[in-house]
Amino acid sequence: MKFTDLQLSEDILLAVEKAGFETPSPIQEQTIPLALEGKDVIGQAQTGTGKTAAFGLPTLNKIDIDNQAVQALIIAPTRELAVQSQEELFKFGREKGVKVRSVYGGSSIEKQIKALRSGAHIVVGTPGRLLDLIKRKALKLDGVETLILDEADEMLNMGFLDDIEAIIERVPESRQTLLFSATMPEPIKRIGVKFMKEPEHVKIAAKELTNVNVDQYYIRVKENEKFDTMTRLMDVDQPELSIVFGRTKRRVDELTRGLKLRGFRAEGIHGDLDQNKRLRVIRDFKNDQIDVLVATDVAARGLDISGVTHVYNYDIPQDPESYVHRIGRTGRAGQSGQSITFVSPNEMGYLAIIEDLTKKRMKGLKPATAQEAFEAKKKVALKKIEREMADETIRSNFDKFKKDAVKLAAEFTPEELALYVLSLTVQDPDSLPEVEIAREKPLPFKFAPGQAKGKGGRGGRDRDRGGRRDGDRNRDRGGRRGDRNDRNRRDDKFKRDNRRQDNKKPHQRTSSEKKTGFVIRNKGER
DNA sequence: AAAAAAT
């Protein structure tokens, strides 16, 4: 079966071909003919299997270019998803000349009204803004022939249902209605059917709800050890791109800050951020300016970002459908991916509920040790060093790391490790290896198990000691990770550091510095 | 219970 076997018009097929698509996925193969016939369809298929094209292609096919009315309306649960679907439909409809507009809150309504006035065959939007535009008479839906609920179960959930009903009232009864999602709980489906006429339910591979390309793991870990456990695992995994999901907006802020302090190129996204920031973060993540996206469930559904190799559920989702969608951000379009869900002992019940829905067992994983995280970073550090200066003797310096030092080093970035080991080779052994670490602020309280247990404080007292907290495994640092975009910066750092060491008087080591071999200074301190 | 969604 090829796309050309489906009864799509030439201009649509040309766009499909240009996008590099040849063979339709099962959901596309089964729902496109039904939708083209004008049938109402409930389409359920795993994440990342091309549902947008499944409803988008037949919808584009139906559009009459010479008719200036809005002929199709797509409703989405988040603003980013509305933007993404608009982009995808535009791509498939450009040959034909279909005008696709997205409308959503948090950005200028005037601009959106202007765009609608300039012509809109298809509108993709979020509920609140759609209703606002309808009220202002800037959006007329009496010409709509196709109504689509993307992430339909979410749109029909309480919290959205009233708005959805109000919007649907404005759409002619004669319309075609399409509902698509990876999950479709039976009670929600029954609500959806009320808005449809003799719907066909297409459900792909009923046995597996989750995408088979995602390897699913869980780690049982106490709340106060979660953060270290996750960062160590990330060091070992070395994800290309990853998404870390947190339970609340506040939590996402804290996690983002913590990850940045550990040197990850991370940014957070949640509903309290202004829309420009939200869109910028997604764009930067897609453009490899960010390696770790930290998110609430605002990013759980629909977002299609290639290169996401790992999804970390820092907080286990309490809603099992949310789990299915979250881990569906990886393993898309035939790529493989991994998901790791952190479960504290009192949350094991949620794990069972999730497995009950997915009919799939997650594999238990042991937390990575500091030694394993260290070894992983050592490899990266060595690669960097060998690239900077081909000095093999540096390798042996890593063997001098004692147990305490390994524990600390496990929290270093590879750049910092490389810098440190390099400094060992240019100094005589008794003088101080100088590593400047741009430490700015302490880690958020919650990620400080030392303090949680009542051992030692952070902040004020530590600063009074001159900011050296080498014995504290919760040191925090700035610095960056990843060698995609910061090569130049790193080179500068090496130069700067070596230069600084030349005219530097030796520092008197404290006992903990002697024990670990590390000296860490606050930013700007000498 | 949280998050999302209009201002």
Side-chain angles (χ1 to χ4, degrees), chain A residues 73-86 101-113 116 123-139 141 148-168 170 181-183 185 188 223 243-256 268-279 281-282 293-303 311 313-329 341-342 344 346-347 349-350 353-354:
Chain A
L73 176 66
I74 301 168
I75 316 179
T78 67
R79 298 164 181 176
E80 288 72 24
L81 191 52
V83 169
Q84 178 184 292
S85 300
Q86 184 273 334
R101 308 292 182 204
S102 62
V103 297
Y104 49 88
S107 77
S108 161
I109 196 166
E110 299 300 332
K111 276 188 196 159
Q112 291 174 7
I113 291 172
L116 290 175
V123 170
V124 190
T126 48
R129 181 53 60 94
L130 283 169
L131 283 172
D132 196 354
L133 288 164
I134 292 167
K135 252 183 226 153
R136 292 175 190 235
K137 308 213 182 290
L139 178 64
L141 298 178
I148 298 152
L149 301 190
D150 196 3
E151 306 297 341
D153 57 331
E154 176 75 351
M155 303 317 297
L156 295 168
N157 235 325
M158 286 193 333
F160 273 126
L161 189 56
D162 288 350
D163 284 354
I164 295 302
E165 282 184 322
I167 295 168
I168 293 181
R170 306 297 187 116
S181 182
T183 52
I188 301 283
E223 183 67 33
I243 305 182
V244 174
F245 282 102
R247 192 166 40 82
T248 64
K249 294 179 258 198
R250 273 294 291 280
R251 195 112 156 128
V252 164
D253 286 336
E254 288 169 349
L255 268 169
T256 306
I269 186 167
H270 58 66
D272 277 355
L273 301 175
D274 75 69
Q275 194 52 32
N276 284 337
K277 169 80 174 169
R278 282 170 61 166
L279 291 168
V281 168
I282 295 290
L293 180 70
V294 190
T296 58
D297 275 336
V298 70
R301 284 176 177 255
L303 294 187
V311 168
N313 286 315
Y314 186 81
D315 296 310
I316 189 170
Q318 320 220 328
D319 169 13
E321 277 82 21
S322 167
Y323 173 84
V324 173
H325 291 276
R326 282 182 181 187
I327 70 164
R329 298 316 99 213
T341 300
F342 297 89
S344 61
N346 61 330
E347 292 170 334
Y350 292 124
I353 292 168
I354 290 168

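In the text below, chain A, chain B and the rest are named by the order of the sequence lines, each starting its count at 1. All values below come from the heavy atoms of this structure, side chains included, with hydrogens, waters and symmetry mates left out.
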Exercise. Less than 4.5 Å apart, any side-chain heavy atom of A:Pro317 and any of A:Phe245?
Worked result: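 Sidechains of A:Phe245 and A:Pro317: no contact.
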
Exercise. Hey, are the side chains of A:Ser181 and A:Glu154 touching, using non-hydrogen atoms and a 4.5 Å cut-off?
Worked result: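 A:Ser181 vs A:Glu154: side chains apart.
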
[X] [atom1] to [N] [atom2], straight-line distance once rounded to whole Å:
| X | N | atom1 | atom2 | answer |
| --- | --- | --- | --- | --- |
| A:Glu151 | B:dA3 | CD | C1' | 14 Å |
| A:Phe245 | B:dA2 | CZ | P | 19 Å |
| A:Ile269 | B:dA4 | CD1 | C1' | 12 Å |
| A:Leu133 | B:dA6 | CG | P | 10 Å |
| A:Met155 | B:dA3 | CE | P | 18 Å |
| A:Ile164 | B:dA4 | CD1 | P | 17 Å |
| A:Glu80 | B:dA3 | CD | C1' | 13 Å |
| A:Arg301 | B:dA5 | CZ | C1' | 14 Å |

For this session: Check every atom of B:dA6, B:dA2, B:dA4 against the side chain of A:Thr248 and return the nucleotide holding the closest atom.
Result: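 Looking only at heavy atoms from C-beta outward on A:Thr248, the closest nucleotide is B:dA2.
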
Problem set entry | Of the listed nucleotides B:dA3, B:dA5, B:dA6, the one nearest the side chain of A:Thr78 |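 Nucleotide nearest to A:Thr78's side chain: B:dA5.
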
OP1 or OP2 of [N] less than 4.0 angstrom from a side-chain nitrogen or oxygen of [X], does that happen here?
| X | N | value |
| --- | --- | --- |
| A:Thr126 | B:dA6 | yes |
| A:Arg278 | B:dA5 | yes |
| A:Arg79 | B:dA5 | yes |

Problem set entry | Sidechain-backbone polar pair: A:Asp274 side chain, A:Asn276 backbone, donor-acceptor under 3.5 Å |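 Yes.
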
For this session: Taking only Lys NZ, Arg NE, NH1 and NH2, and the carboxylate oxygens of Asp or Glu, determine whether A:Arg251 and A:Glu223 approach each other closer than 4.0 Å.
Result: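 The answer is yes: the pair qualifies as a salt bridge.
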
Exercise. NA contact type, A:Gly159, heavy-atom cut-off 4.0 Å: base, sugar-phosphate, or nothing?
Worked result: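 The answer is base, as A:Gly159 lies within the cut-off (heavy atoms under 4.0 Å) of a base atom.
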
Exercise. Hey, does A:Lys249 reach any base, or is it just sugar-phosphate, or nothing, if we go heavy atoms under 4.0 Å?
Worked result: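 Answer is sugar-phosphate: A:Lys249 comes under 4.0 Å of backbone atoms only.
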
For this session: Go through the side-chain N and O atoms of A:Arg101 and A:Gln112 and say whether any donor and acceptor fall under 3.5 Å apart.
Result: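 No, A:Gln112 and A:Arg101 have no side-chain donor paired with an acceptor closer than 3.5 Å.
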
